[in-house]
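Just so you know, these numbers come straight off a predicted model, no measurement behind them. Any value given below was found using the heavy atoms of this structure, including those in side chains, with hydrogens, waters and symmetry copies removed.
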Amino acid sequence: MGSRALAVLCLVAVLLVPALAVPGGGDDGCEAESAGRDKAQALRLKIIAIFCILAGSAIGAGLPSLGRRFPALRPETDLFLAVKAFAGGVILATGMVHILPAAFEALRSPCLVGGPWKRFPFAGLVAMLAAVATLIVDTVATGYFHRTNAKRAAAVTDEPAHDDPESAPDGHAHGMSVLAAPPDGDELVRHRVISQVLELGVVVHSLIIGMSLGASDFPSTVRPLVPALTFHQLFEGIGLGGCIVQAKFRLKSVVAMGLLFSLTTPAGIGVGIAISSVYDESSPTALVVQGLLEAAAAGILVYMALVDILAEDFSKPRVQSRARLQLALNVSLLLGAGLMSLLAVWA
């Protein structure tokens with residue numbers, strides 16, 4: 001999955017970098033203001049942002065993994081469920097409050113002269129299609145892995161029966177138990193699919209916000225974004241890290257997924273710095289590409305938050321049978337969504 005996500009990031013960069021260099025229209029207030037531009041000071045702030053956001057992302061993605069050392073943070077505990085509900089609220093608010101409004105704003109910009117963009121809510125359409133596509137990928141991938149695992153289990157349990165006919169009844173019974181038993185295995189497959197699809201949506205969004213920050217030469221714009229995006233990535237990392245922990249990947253995969261998430265926004269800032277001399281935020285092509293990508297990322301994150309993170313945990317019998325745990329999860333969800341929504345004031 002790491003190589004696939006990296007390929008997607010490269011594609012996004014290839015689409016965005018040329019687009020950002022296209023001259024803007026210059027009408028209807030589209031020209032960027034030059035007052036307050038200070039490239040040297042902005043560059044210093046962006047370098048600080050790289051390290052702050054890298055640290056915040058790494059801490060967020062790594063916190064759920066502490067369950068190996070601290071039993072209270074293990075996936076089967078109530079505390080972990082509360083943290084995951086908080087992270088689900090963060091991811092939901094990221095999609096609904098941060099990304100989707102930015103997509104609508106980009107695709108309804110006065111700088112987009114001509115074309116169908118102002119005559120139809122394309123941001124909402126793309127977000128809906130992305131959510132449906134995520135549903136399809138989610139169910140198809142889960143079904144594929146279930147069938148593959150079932151075939152492997154059947155093949156393994158059938159082998160002794162051919163060698164020793166007298167052991168056929170025992171072998172058959174054992175095979176049936178393997179095929180019927182893996183609720184744990186099925187759940188593991190679900191968590192692995194969830195973590196990989198979620199990472200894809202998160203890293204695309206992280207690259208875009210990193211490029212936007214890196215391309216700005218206005219200290220007044222960059223300064224408030226440094227702490228806001230640091231906390232943004234910290235909370236988002238907790239959500240992603242929790243899903244990765246539940247997927248029980250090998251250590252190498254866990255580290256690779258954590259690094260990919262942690263490095264994406266700093267890498268986007270670096271790309272933004274490199275293209276800042278030719279950046280034109282009012283470019284029609286840039287607005288369309290950014291708006292469509294943001295809308296797609298919003299659809300993915302909203303689906304993942306509601307269906308694969310929140311609904312899955314909130315519908316567990318263990319949660320529904322305990323009123324206090326239900327209350328704790330609801331409070332945690334609202335707290336995560338509220339804090340991330342509050343960050344929209346600055347980022």
Could you list the residues that satisfy side-chain contact (heavy atoms from CB on, under 4.5 Å) with [X], not counting sequence neighbours?
X      : answer
Ala247 : His191, Arg192, Ser195, Phe249
Lys248 : Leu188
Val255 : Leu251, Leu259

- Item | Heavy atoms from other residues, nucleotides or ligands near CD of Glu105 exceed 12 (cutoff 6.0 Å) |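 Incorrect, the count does not exceed 12.
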- Message: Taking atom CZ as the centre, does Phe80 end up with more than 12 heavy-atom neighbours from other residues, nucleotides or ligands that are less than 6.0 angstrom away?
- Response: yes
- What do the steps show when you test Ile194 against Glu312 for side chain to side chain contact (heavy atoms under 4.5 Å, CB included), and what is the final call? CA-CA 11 Å; Ile194 289 169; Glu312 181 171 326; 3.5 Å; yes
What heavy-atom pair brings [X] and [Y] nearest, and what distance separates the two atoms?
X      : Y      : result
Leu107 : Leu287 : CD2-O, 4.0 Å
Lys118 : Pro110 : NZ-CA, 3.5 Å
Leu213 : Ala49  : CD2-CB, 3.9 Å
Gly291 : Ala106 : CA-CB, 3.9 Å

Heavy-atom side-chain proximity of [X] to [Y] below 4.5 angstrom:
X      : Y      : result
Leu198 : Asp308 : no
Asp138 : Val197 : no
His98  : Leu343 : yes
Ile238 : Val83  : yes

Listing request: all salt bridge (Lys or Arg N to Asp or Glu O under 4.0 Å) pairs with a residue in [range], at least two apart in sequence or in separate chains.
range            : result
residues 141-150 : none
residues 252-263 : none
residues 317-327 : Asp78-Arg318, Asp78-Arg322
residues 107-116 : none

- Message: Set out, in order, the CA-CA distance, both residues' side-chain angles and the distance that settles side chain to side chain contact (heavy atoms under 4.5 Å, CB included) for Phe314 and Leu333, then state yes or no.
- Response: CA-CA 11 Å; Phe314 278 59; Leu333 164 62; 4.2 Å; yes
- Message: Applying side chain to side chain contact (heavy atoms under 4.5 Å, CB included) to Val331 and Leu327, what does each step give before you reach the verdict?
- Response: CA-CA 6 Å; Val331 171; Leu327 177 62; 4.1 Å; yes
- How would you list, by chain and number, every residue that makes a side-chain hydrogen bond (donor to acceptor under 3.5 Å, both in side chains) with Gln246, sequence neighbours excluded? Lys84
- Item | Residue pair Leu301, Glu236: steps toward the side chain to side chain contact (heavy atoms under 4.5 Å, CB included) verdict | CA-CA 11 Å; Leu301 294 183; Glu236 213 168 53; 4.3 Å; yes
Please enumerate all residues that pass ring pair (Phe, Tyr, Trp, His ring centres under 6.0 Å) together with [X], with sequence neighbours excluded.
X      : answer
Tyr303 : none
Phe122 : Trp117, Phe120
Phe261 : none

- Could you check Val137, Thr134, Val204 and say which one makes a side chain to side chain contact (heavy atoms under 4.5 Å, CB included) with Ile300? Thr134
Identify every side-chain donor-acceptor pair in residues 89-96 under 3.5 Å, counting partners at least two apart or on other chains, and give the distances.
{"residue": "Thr94", "atom": "OG1", "partner": "Val90", "partner atom": "O", "Å": "2.7"}

